[in-house]
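Every chain is numbered from 1, with letters handed out A, B, ... down the list of sequences. Source: prediction; values computed, not measured.
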There are 2 protein chains.
Amino acid sequence: MALEQSDVRSRKWDRTRAEILDAAWELARRDGVGAMSLRELAARVGMRAPSLYTYFPSKNDLYEAMYRQGMQQFADAIQDTPPGRDARETLANRSRTFARMSLQDPVRYELLFQRPIPDFAPSAESLDIGLTGLAETRQFAIEAGVRTQAAFDIYVSMNRGLIEMQIANEPGGDRWARLIDDALEMVVEHFASKPQRRKR
Amino acid sequence: MALEQSDVRSRKWDRTRAEILDAAWELARRDGVGAMSLRELAARVGMRAPSLYTYFPSKNDLYEAMYRQGMQQFADAIQDTPPGRDARETLANRSRTFARMSLQDPVRYELLFQRPIPDFAPSAESLDIGLTGLAETRQFAIEAGVRTQAAFDIYVSMNRGLIEMQIANEPGGDRWARLIDDALEMVVEHFASKPQRRKR
DNA sequence: GTCTATATTTGGATAGAC
DNA sequence: GTCTATCCAAATATAGAC
């Protein structure tokens, strides 16, 4: 069954759009996400700047597409993480995946979890992409004995703290990254080994 | 004993410079440290942009002055932190001071501990300002039972993680900030209550 | 020391021809 | 869809008068 012409056209359009997006990530990795210019981005895909507007109505829409794609990559990776023999292992595996994804591409981490561009705010729809995986992870944490929201917040902050120290102070190294497993196990052990009170 | 005329002049120059620096912090707090323009900064102190060059040779020199000042404020606050009854309390007090300073002015935190401006790198001299206080804190940590560099890195990362989660997700709130004391105590307890092996 | 005027660069975005 | 040409805004920084 032959494709409609409009389908062919839109598939080409999609491919070009994806190519621009790839080039945008490359450029962001080189110069920082805030220092990316449409002129240079266009040059990288063999175009002039105005042609980009065929694919993205504005620069913020480009950021939005990058944000959504990055968020989707995180969500996919988290949900593709193999479960362990118990909830505690599954939680550890997911945390490792999050750390690996973060360290693998610090610029993506920056765009998703810090606020590097003052004028850009991701859409609620894009923000939602990660919520399902996060809710699942929270359930594994509960099963692993990290029961309260506060305990889970500490757990997540421990992971994030080591990741951000690694990225900020020694990108590409492992001084902080190599501590992640032990540090997270410490948190789980702390909360799992004793009953948690609801209030203090 | 009368001041030399050159002293009078330089004191006025110092005052104006300090006034510009204050206005720069105000502006950075409002717009973000990367979105600060010299035109608006000048307007805030009743000047035109070119006049600022009498006090700062370039915008990067202004950033450098801000960085140094912010670093000095952190160093002073840390070293003015009252000691506790033992090393563990002193360590906790210092960590609380660091967190309080961070949350009190997130833009200062950002300038000092993240890299918000791609073209700006602080001088080695400015970076050194915090080193003495950090080395002292490390000593208190050792006395408190947080002996290895890795253990101290985890301790610091726990504090930083909670601070950054608070700033990034809920500036002005306390969802993560209120967990700092307990989380840091958990880390100290973990390392202090058992002998630490040098390697794993 | 401060000003006006301006150089220079760079950015996002649009108009309209092809 | 892509281009050239251009607009418009904003930024840092400098020259030279006062």
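Counting heavy atoms from C-beta on, the side chains of A:R30 and A:E40 come closer than 4.5 Å. Residues A:F120 and A:M66 have side chains not in contact (no heavy-atom distance under 4.5 Å, counting atoms from C-beta outward).
Rounded to whole Å, atom P of C:dT2 lies 10 Å from atom CD of B:E19. Atoms CG (A:L62) and P (C:dA13) sit 10 Å apart, rounded to a whole Å. Following rounding to the nearest Å, B:D31 (CG) and D:dA11 (P) show an atom-to-atom distance of 10 Å. In this structure, CE of A:M36 is placed 11 Å from P of C:dA13, rounded to the nearest angstrom. Distance A:I117 CD1 to C:dG12 P: 11 Å, rounded to the nearest Å. Straight-line distance from the CG atom of B:L41 to the P atom of D:dT12: 9 Å, rounded to whole Å. Summarising the geometry, the separation between CG on A:D119 and C1' on C:dA13 is reported as 15 Å, rounded to the nearest angstrom. Residue B:R17 contributes atom CZ, which lies 16 Å from atom C1' of C:dG1 at whole-angstrom precision.
Taking the ring centre of A:F113 as origin, the terminal cationic atom of A:R160 falls inside the region bounded by 6.0 Å and 45° from the ring axis.
Under a cut-off of 6.0 angstrom, the local environment of CD in B:E185 is sparse, with at most 12 non-hydrogen atoms contributed by other residues, nucleotides or ligands.
Judged by distance alone, the side chain of B:N93 and the main-chain N or O of B:T81 form no donor-acceptor pair under 3.5 Å.
Salt bridge present: B:R88 and B:E189 bring a charged side-chain N and a carboxylate O closer than 4.0 Å.
Side-chain to base pairing of B:R39 with D:dA11: one donor and one acceptor N or O lie within less than 3.5 Å of each other.
The two residues A:V107 and A:A28 make their nearest non-hydrogen contact at CG2-O, 3.6 Å. What you find for B:S58 and B:Y53 is that their closest heavy atoms are CA-CE2, 4.3 Å.
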Next on the checklist: If you apply the rule side-chain hydrogen bond (donor to acceptor under 3.5 Å, both in side chains), what do you find for B:N60 with B:E64, and how did you get there?
Outcome noted: CA-CA 6 Å; B:N60 265 349; B:E64 166 68 19; over 6 Å; no
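In the region residues 46-60 of chain B, proximity to DNA chain D at under 4.0 angstrom, judged on heavy atoms, holds for B:P50, B:Y53, B:S58, B:K59.
Comparing the end axes of the helix from C:dG1-D:dC18 to C:dC18-D:dG1, each fitted to five base pairs by superposing C1' atoms of four pairs onto the next four, gives an inter-axis angle of 10° (nearest 10 degrees).
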